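Please read all numbers here as calculations on a predicted model, not as lab measurements.
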Amino acid sequence: MAEEDNVEIEPVAEEEEPTNYKPPPEKSLQEMIETDQEDESLRKYKEKLLGSSATGAIVVESSNPNRVLVRKLVLLAEGQSEKELDLTGDLDALKDAAFTIKEGISYKIRIDFHVQREIVTGLKYVQRTFRKGLLVDKMTHMVGSYAPKEEVQSYTTPMEDAPSGLIARGHYTVKSLFTDDDNNEHLKWEWSFNIKKDWN
């Protein structure tokens with residue numbers, strides 16, 4: 001198919017989809033550990049699930065009160081080395097440091113993060129992509145629930161295909177949000193990428 005025959009990227013509506021889902025009431029990690037202590041099999045299951053956090057609070061950064069510490073975004077593309085965005089520094093600078101993505105390539109996004117102090121339920125990664133000020137793509141990924149750990153934890157999106165063709169090439173701005181069932185905004189940041197005919 002000739003490049004000129006490719007379908008133009010249409011703007012998408014930004015309305016939130018209605019949902020009847022209601023998150024369960026939040027419990028502290030200590031409450032979860034202390035519940036059903038007389039049930040030996042359940043106690044062992046919790047220890048296996050929670051790991052070291054079952055014996056005490058895990059604090060990765062004592063000066064940071066947040067439960068989720070988002071560390072980096074990593075672009076994983078076929079046949080290419082990882083491209084990383086450091087999310088621990090100056091977030092404003094990320095808008096000017098655009099990734100280059102080859103048109104039509106398959107890629108995934110990985111988010112690395114720490115969870116500390118308490119279990120976090122219903123983590124979500126929300127991404128809105130804009131071109132020339134118009135919303136052209138919106139996606140929400142359910143990341144899941146995570147117990148506190150000293151180790152970095154991560155979530156990788158399913159494989160996606162970058163758009164291709166002459167019309168698709170250009171500069172895109174992305175607004176990303178790491179949130180949860182309770183609408184806590186653990187991190188909100190903007191970044192950008194360029195779709196080009198080739199990687200260079």
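At least one side-chain heavy atom of L177 sits under 4.5 Å from a side-chain heavy atom of E185. In this structure, F99 and L73 have side chains that are in contact, with non-hydrogen atoms separated by less than 4.5 Å. When side chains are defined from C-beta on, H141 counts as touching P158, because their heavy atoms get closer than 4.5 Å. Annotation: side chain of E190 is not in contact with side chain of V174 (no heavy-atom distance under 4.5 Å). Taking the side chain as every heavy atom from C-beta outward, W189 and L94 approach each other to under 4.5 Å. Side-chain contact check for Q153 versus E151: every heavy-atom pair is 4.5 Å or farther apart. Inter-residue side-chain proximity for L75 and I101 is flagged as met; some heavy-atom pair is nearer than 4.5 Å. Between R117 and V59 the shortest side-chain heavy-atom distance falls below 4.5 Å.
Relative orientation of the F178 and Y125 rings is tilted, given thresholds of 30° and 60° on the angle between their planes.
Once rounded to the nearest 0.5 Å, the distance linking NZ of K108 with CG of L76 reads 6.5 Å. A distance of 4.5 Å separates CD in E160 from CE in M139, rounded to the nearest 0.5 Å. We find the OG-CD1 distance between S164 and I195 to be 8.5 Å, quoted to the nearest 0.5 Å. Atoms CG and CG, from L87 and L69 in turn, are 12.0 Å apart once rounded to the nearest 0.5 Å. Once rounded to the nearest 0.5 Å, the distance linking OG of S154 with CZ of R71 reads 13.5 Å. Within the model, atoms CG of L123 and CG of N184 stand 9.5 Å from one another, a figure rounded to the nearest 0.5 Å.
V126 and Y155 fall into different hydrophobic clusters, where Ile, Leu, Val, Met, Phe, Trp and Tyr residues are linked whenever their side-chain heavy atoms come under 4.5 Å apart, directly or through other members. The cluster map of Ile, Leu, Val, Met, Phe, Trp and Tyr, joined by side-chain heavy atoms under 4.5 Å apart, puts L91 and F193 in the same cluster. Residues F113 and V74 fall into different hydrophobic clusters, defined by Ile, Leu, Val, Met, Phe, Trp and Tyr side chains chained together at heavy-atom separations under 4.5 Å.
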Inset, instruction - I would like to know whether S106 and D161 meet side-chain hydrogen bond (donor to acceptor under 3.5 Å, both in side chains); could you show each step before the answer? - result: CA-CA 4 Å; S106 296; D161 293 326; 2.6 Å; yes
Legend entry - Intermediate values then yes/no, side-chain hydrogen bond (donor to acceptor under 3.5 Å, both in side chains), H171 and R131: CA-CA 7 Å; H171 184 75; R131 184 168 186 208; over 6 Å; no
Inset, instruction - Run the numbers on S192 and Y172 for side chain to side chain contact (heavy atoms under 4.5 Å, CB included), then give the verdict. - result: CA-CA 6 Å; S192 61; Y172 294 78; over 6 Å; no
Legend entry - side chain to side chain contact (heavy atoms under 4.5 Å, CB included) evaluation trace for K175 with F130: CA-CA 8 Å; K175 294 182 179 180; F130 297 82; 3.8 Å; yes
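Across every non-hydrogen atom of A162 and Y107, the tightest pair is N-CE2, 3.8 Å. Listed here is the closest heavy atom pair of V60 and K149: CG2-O, 3.7 Å. Annotation for I105 and W199: closest pair CG1-CZ2, 3.8 Å, computed over non-hydrogen atoms. In plain terms, the two heavy atoms of T140 and K124 that are nearest each other are CG2-CD, 4.2 Å. In plain terms, the two heavy atoms of Q116 and N64 that are nearest each other are NE2-O, 2.8 Å. A pairwise comparison of heavy atoms in D137 and L135 identifies O-CD1, 3.5 Å as the closest pair.
Each of T121, I119, V115, V68 was checked for a side chain to side chain contact (heavy atoms under 4.5 Å, CB included) with Y146, and the lone residue meeting it is V115.
A side-chain donor-acceptor contact under 3.5 Å links T157 to the backbone of I109.
Side-chain atoms of H186 and D180 form a donor-acceptor pair, as typed in the model, at a separation below 3.5 Å.
Ion pairing between R110 and D112 holds under the 4.0 Å rule for side-chain N and carboxylate O. Ion pairing between R169 and E103 holds under the 4.0 Å rule for side-chain N and carboxylate O. With respect to the salt-bridge test (charged N to carboxylate O, under 4.0 angstrom), the residues R67 and E61 do not qualify.
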